[in-house]
Every structure is written in structure tokens, then in C-alpha cells.
Amino acid sequence: MDKGAYDFTKIEAKWQKYWLNNKTFGTPDGTDATRNRKPDPALPLAQRPKYYVLDMFPYPSGAGLHVGHPEGYTASDIVARYKRMVGYNVLHPIGWDAFGLPAEQYAVQTGTHPAATTQKNIDNMRRQIQSLGFSYDWDRQVDTTDPNYYKWTQWIFLKFYNSWFDEKLQKARPIEELPIPDEIKAQGQKAIQKYIGENRLAYESEAPVNWCPALGTVLANEEVVGGVSERGGHPVVRKPMRQWMLRITKFAQRLLDGLDKLDWSESIKKLQLDWIGKSVGAEVDFEVAGHNSKLRVFTTRPDTLFGATYMVMSPEHALVDKITTPEYKQAVKDYQEKAARKSDLDRTDLAKDKTGQFTGAYAINPVNDTNIPIWISDYVLISYGTGAIMAVPAHDDRDFAFATKFNLPIIQVVQPGDPNDAELVKQGKLCFAGDGIAVNSGQFTGLPTPEFKKKISAWLEEKKLGKETVNFKLRDWLFSRQRYWGEPFPILHAEDGRTIALKETDLPLVLPAVEDFKPTGTGEPPLAKAADWVNVKLPNGTKAKRETNTMPQWAGSCWYYLRYMDAKNPGVIFDPKKENYWMPVDLYIGGAEHAVLHLLYSRFWHKLLYDLGYVSTKEPFQKLINQGMILGEDNQKMSKSRGNVINPDKVIADYGADSMRLYEMFMGPLEATKPWSMQGVEGVSRFLGKVWRMMIDLETGELLRAVQDAKPDEETLRILHQTIMKVTGDIESFGFNTAISQMMICVNHLSKCDVRPKSVLEQFVLILSAFAPHICEELWEKLGHNKTLAYEPWPKFDSELAKEKKVEIAVQVLGKIKDKIVVSADATEAEIEKIALASEKVQTALAGKTPKKVIVIKDRLVNIVV
RNA sequence: GCCGGAGUGGCGGAAUGGCAGACGCGCAGGAUUCAAAAUCCUGUCGAGAUUACACUCGGUGAGGGUUCAAGUCCCUCCUCCGGCACCA
């Protein structure tokens, strides 16, 4: 018996093999001329318009796929399959972001080379991904650890190294085009080289960095969350070290401007906006009493200048030593040392208890010539603005807290709108940071805040005391790691101290095999131990050492979407013709955890490549969708310790890939966080069983006799067209869960019919195939077709056929439903009104009153107002 | 503290300002079966009322408002989730 039962294991293996062997999803490159054509499934692929659907680059971890991966991948696969059937040439690739810490830590523990671990993990993850039936073009895979790939990562690094940023044009340019100022030229070759070095977009810097002893590496600001490492939660301390940096700050304004035109969620845009953190304010110079020096501060509230009652410098500020008076020398020195020892966690301490030390020096407030004390405190950061502030305790919360603690004067200069607040601010009992009307501000008194800001900025500029300034929170990107398993920098350090970049023709610089992967613990990278590799003789006979830091994991994922377009090209990073055809990425799906890191870095690299003429679009990712997190069945985050982790392999083994795909889409809206339910998987798996039984005789495995070349009846046709319409619209708007509901309704109907017209079943199979491709390929074959349905034209709907002939309309009296009437769908409003008023129940409800107004909403309801 | 997002049956969720709860799960009853699984059918927001159907009232976190009509728009508040957190 049951010879013809729905055997998903067999069917899924069969079609996965078919797709791979036939390269069903191999994607030819089109040309410029075809990229903007109208989509047409009748055209050969290469002559169609393009559609680029991208999944976020997976890290091939030892744990393999988790259920979060297939969520985004299924969504993108549905769109890819749909777009293909609609008539696009769809680029849908996948690859491996395979450098990174876990493989290296495993190497440290076991001695297994990270390359071996990585290969194993990639193979496993590829198997898992293939077992879900995604329509990737497997010939376009990339692997960041492949020298043929990282050759180009190194190549892009050289582009950064060999470029400078033209502030006037707001654009990166080749370093050869950097104008050298005359005064630098006058100082000779060495000065010129130094000047050039200072302008490169990749540069070395000896600066306090986030050193993580547990990981044995430094981390980017973005990788430190609340004073501990984002990965693993290890403590991070500040330590001065020589590091490679990328000048992302130069692109801050453009990274901000580019956000406008992107079809991304407002919340992700906001996160990037906040991270870049633009503030417009003014820099103001304060004379230091009795010194020949000026203390420059940045403030966004130059209008509160009259309320500045003290100054605060960061403990690291260069002027501290110079202006501290003898009697405070020791106390200041003690405070500086204490601050230096503090980790970032201590400095951003949650209690925010302010500490500080008076320097003995005074500054002169330029607006009223008052002497105000200069303090140092670690609540002022050396790395932002000028590293010093004017403190206006009446109108800044931090200054207020500090002033209260150290008994410094508080002077109100802004009048809040609320009279109670105004009184409290006047008494120095409340801090008011909002806009208001200026008080105690000399000739400016009475001005509203925004106007005051403009006037005082102009005034400062005129008196040469300051000028309007823009500051960004964004810092340059710390780009080196003291790890083995990453891209080597194509850089040599010569004996004489010169830094020499490799020629492009010398790439790739291959990571050497080493025995010992352990971090040295001193901050010196493991590569330093590979003496043969590190020590190099230059053509002129002198010696040099290779850079031993490696690039961070972000490097490879910054540009992978570009290599997919031309994954195997040995000669160029990608063919410009292909780039012109495929870019930009039309749809990018992935987790929201990459909101600032990956997405900001990628955009940054893309802009460099744009400036240098390698890419044709200003932004890489046109539309971005973030899939939500999948929680465990207990509504908690999935984690080993909670024991609530769902293993995709197991789900596929028990229910099949089609059920897995369908369930992940049926759970709820793509972007929402939602809990897993094994019973929910059973639900959709029952649905697929029903689809099967609707067409297939379980005894024979052949089509049921009910499947006939018959003309569909009116209702069947209507439901089919409603379904095509709904599913088409829902795919376009990423409403996959409701698309599935509609397909369920369609199947529920067809299963009740004694005759199931083949034409209807065929169209149904085609639309379901985007969601559950394996079962649909099998059914398509059973329906008498001999090749894949992947390129069949997407069914068209006729909205006339989808319309109901009769509709039920609710009749309300004063908004309360009193009756329901059935009218013909093309009834006029007047007719509907007449029928509604004729209703006995309505008449009872009216109780003889005359309707004042009757509102008729076609196909919906009638509301009678009395 | 600040900035986002979200609160709808027992559960996941659905609803261009127009009949709240589509679809699925679960549950209950029935059919089929020697029996079970599978499958199919019926019911399933709450309260009231009825032999039964019909019926009545209430209901989308709380409170107010706009509107003929509010889950949806506006105001105030509460809760949960996510992000940022001395950036002057």
C-alpha cells in the first residue's frame, strides 16, 4: 500500500540532485542593453533584465546552520524563484565568510590548522544549505579564506593605502594626485613622505586602543559593547599600540547623505545615523589667564556661553601639564594616572559618578571677561571634539551633576517655557537642557535659542573667537588584529623605518603555514613567529619585515557582493561590464545585528571603489530587509544552556525541507521576533500532505482520477485567481505568511471538489513552487511536464475573475450591526441602501425614526445614522 | 535616561479608518477503523439567554479624544522586546 505516499525524503533528494546536475540556477551575465528591459519569461536569461537578491554572508561555524539562517534564506529564495518566473535574470549567490576567531581558537586548543577546520565547516554548511533547496548559483561561491579571493581584499586595502581624501571634492583620489604644500616641499623628501603618509586612507597610528587580553587582540569601537568584547564578553582595556586604521571619518557626511535614498527600515537608518552622530555647533577659544595659550572647546550650545561657570579638559589633554599651577601638580598627576588605568568599562561606569580635579588655572570667558576655573575630568573624552568643554551646569545634565558634586556655581541663561521649571532652574535646583528664551546673556538676552545660536556664531566669527563647526561621533576604523586567521596586510616595514606597500602584481600575499597559533599575549601577533615569512630582503639588499597584524573579519565581508558578479576572474576584481549589469543589489536580506558594523563598513568600502571608478553605484544595497529573531519554544532566546535549540537537520529529516521552509515563512511577519513551534511545523507539513493527496493516488502514485482536463467552475476559478492575486502581491510586499494562508484556502476548496481541473492545479503548483519547490517539481512532473518548473511563466490573474458575484454586507444602525444582507457585487449604492432599509431588523432598530444619513461602503457595509 | 518596535482568543497570528479573530496550532464532539495512527466533518473570544436555532451585551494593554464608524488616527499612561548610553 501507500506506494504513492508523499515521500519527502526521496523527492527532495531527487530534485536537489537534478538542480545541481543540470545547473538549473546557473546565471549567465547580461549586458548593459538588457538590464533595463521589461521582464519577460520568454526571453533567454542573458537577454533579460537583472535582479540581484543577496543573503547575508554566513560564517561557517562548527555548530552549522541554526534555524535563523533558513528564515532569511527562504524569504530571499522565494523572491528569487518568483522573479525568475516573472522573467528576470536573477543573481542569487552564496559564499563563506570563513576567516575568524572560532577556527583559530580551535587551532590553539587542538593544533588543527584553521584551514582544515574551515573547510570541514564549509562542507557541512553547504550540505545543510543544499538540503533546503535554495536556488543558488553554486558556480559563484566565494570563500574569504581562498587566496584567489583575499588577493582582492588585499588589493582593496592597497587602494585605501594609495588614496587620499579631497575635502573640497568630498572624494577619495589616488595618492599621486595629492598636492604637496610648498612649506612641506621646502623641508625635503622625508617631510614629503611623512606628509603623504599622513594623508593615506589606510594609515598606522600609535594610539590608545581597545585591547582585549582574553582574546589576545585589539577590537574596533564597534566591537566593544559596554566596556566588554562583543564576542565573549571579555574585559577590554585601553592600551597604546601601533595599529592600522582606515579613515572612515572622512566619509562621514557621505555615509549620512547616502542613507536618504535607501529603501531600508527607518530604524536601521536611525542606528547608522546615531552611530555616525553628526552635531553642529561651534568651536570657541578661551584665553587661559596668565598664559599665552588658548583653550579651545566644542559646544552645540554656543548660546549658553554666558552660563559657562567652569571649564573641563580631558585628563589626556595636551594643555593640562602646561597650565596646572605648582600647588596642584601632584593632585592633577594622580588624577591623570588614575584615569589612565581605568578601563573603558570603569570610565563609562553605569553609576556615572563624576570625578575630577581642579588644575589651579583659570580661563577667561570671552563674552563677559569673567575668570572661571579649569578642571580635568574623565567625563570629557579626548577623542571627541577638542577634548575640552565649557561647562554650563544650568543647561547640561552632566555639567549639572559635576557642579553639584564639586560645589561650582550654576547660572541660568535659558528660560524654560514652564514657570515652575523656570523658578527651579533660577535657583540652580534643576537643569534645563531644552530650547527657551535667553536670560542673563548681555545684549543677547531675550532671544529664542535657535536665533541666539545663529547670532552668537556670527558674533564669535566676527571677533575671531570661534566658528561654526561640525563634529561626528564616528571614529576612524581600527583595522588590524593580532590574530593568525585573517588576511595578511600587503605591507613591508623596511629597516630604515619606511613602510612599503606590495605591488598589486605581487598579490596575493599568502598566509604562511605555522605550527603555533597561540597569541603571544604581549600584543605581538602569532605571525611574528613565522620568521621565514616575516623577514624579507629588498631588491636593494637591505632587510625588511612583513606586517604581522592581520585584517579583521569584516574585511572579507565588506565587498563579497561584488565578487559574486565575477567570482572566478583571475585578472581583475570583477569585469566592469558585469558590474554595470548587476549592481546594485536589489534586495538584501539578513539579521539586524549587522545594522552598524557590516552595513556601515560595506558602504564605506563601496564609496571608495566608487570614487576610484570601480563601481558605478554610490550605494551597494538598494533594499534591505531584516528578518526577525526566532526564539525557542519557551519564548526565550535559543541557547545551548537553555536546551531550547532547534536543529534544522532534525526538522528536515522529520518533516522535510519544504515543510521547514514553509513553516519558517508561516510563523509570522518576516521582520518580527517569534517563537518556534514544533506543532506549527506539523501544521504546514499536513498542508503539504493535503496538496499531495489533492492530486496523487496514494495507492498508485499516479494522478487521481479527479484530476481532469475539465473547465473549472466559476467558484474554483474565482478562488484560483484570488489566490494568484494574493500570493503575487504578498511576495512583492514580503507578506509570506498571508500568502501561505491564501494557498491553504485554495487547497481546502480544491480538496472538496470532485473534479479538479488540471489547468487549475498546474497554476497552483507554480505559485506554491516558490515556497515549497521540491514537492512542486515532483507534482509538475506528475502533471506531465518533463523539465523543471523554475522557468515557467508565473501565473497571471484576472482581477475580474477574482471578484465575488454576491457579497454579504453588514447593515449598521448608529455603528451597531443589526443585520447582514447579500447583494449582487455590482449593485449600485442606491440599490444597496434600498435593500438595507427594507430589512425588517433594521426597521425594528430604527423604531420609526427617520434616517438622517446613510453611509454605503461598497462591498463592506451600510451605516444608518439617525 | 534617550531612541526605535510591539501589546489582539489557550497559542502563532489576520484585518486599504468600514462585519475583530482570516489561516494554522491546540482543544472538544463526531465519522472511518477490530483498534490505533493517518484522514474527513462539526464546534471553539467572553458573559447572558434559550429545549434548540434565532438572540442580547461586552471585547484588540489602561484612560481620554477625533469620527457616521477606531485594533487602525490623536493625547496621556502602563508593560515587554531591541538598540544607544558621559559624544559636550
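Side-chain atoms are counted along with the backbone in the values below, which use heavy atoms only and exclude waters and symmetry mates. Below, chains carry the letters A, B, ... as their sequence lines are ordered, and counting in each starts from 1.
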Which base, if any, makes a Watson-Crick or G-U wobble pair with rU50(B), both distances under 3.5 Å?
-> none
Classify the nucleic acid contact of T300(A) as base, sugar-phosphate or nothing, counting any heavy atom under 4.0 Å across all strands shown.
-> sugar-phosphate
For rA14(B) versus rA22(B), give the span between their C1' atoms, rounded off to a whole number of Å.
-> 5 Å
Under 4.0 Å: is that the gap between some side-chain N or O of R686(A) and OP1 or OP2 of rA37(B)?
-> no
Whole-angstrom distance between rC41(B) and rG46(B), as gauged at atom C1' = 26 Å
Is the shortest side-chain N/O distance from S279(A) to OP1 or OP2 of rA88(B) below 4.0 Å?
-> yes
Syn or anti for rG9(B), please, going by whether the chi angle lies within 90° of 0.
-> syn
Other residues, nucleotides, ligands: >12 heavy atoms within 6.0 Å of K405(A) NZ = yes
May I ask you to verify whether the side chain of K354(A) and the base of rC86(B) hold a donor-acceptor pair under 3.5 Å?
-> yes
Quote, to the nearest angstrom, the P distance that separates rG71(B) from rG17(B).
-> 13 Å
Indicate whether OP1 or OP2 belonging to rG24(B) is found under 4.0 Å from a side-chain N or O atom of K690(A).
-> no
How far, in whole Å, is rG1(B) from rG10(B) if one measures between their C1' atoms?
-> 38 Å
Watson-Crick or G-U wobble partner for rU67(B), using a 3.5 Å limit on both distances?
-> none
Whole-Å C1' distance, rA54(B) and rC80(B) = 43 Å
Contact pattern, 5' to 3', of nucleotides 13-23 of chain B - B, S or - by protein heavy atom under 4.0 Å = SS---BBS-BB
Under 6.0 Å between the ring centres of Y655(A) and Y663(A)?
-> no
For rC81(B), take OP1 and OP2 only and decide whether either is under 4.0 Å from a side-chain N or O of K637(A).
-> no
rA28(B) - base-pair partner by Watson-Crick or wobble geometry, distances under 3.5 Å | rU42(B)
Acceptor/donor pairs from residues 853-862 of chain A side chains to any protein atom, 3.5 angstrom cut, sequence neighbours excluded:
from    : atom 1 : to      : atom 2 : distance (Å)
K858(A) : NZ     : A825(A) : O      : 2.9
K858(A) : NZ     : A827(A) : O      : 3.3

For I389(A), report the nucleic acid contact type (base, sugar-phosphate, nothing); a contact means any heavy atom under 4.0 Å.
-> base
With C1' as the reference atom in both, quote the distance from rU72(B) to rG61(B) in angstrom, rounded to an integer.
-> 16 Å
With sugar-phosphate meaning primed atoms plus P, OP1 and OP2, does G385(A) contact a base, only sugar-phosphate, or nothing at under 4.0 Å between heavy atoms?
-> nothing
Using a 4.0 Å heavy-atom cut-off across all strands, classify K858(A) as base, sugar-phosphate, or nothing.
-> nothing
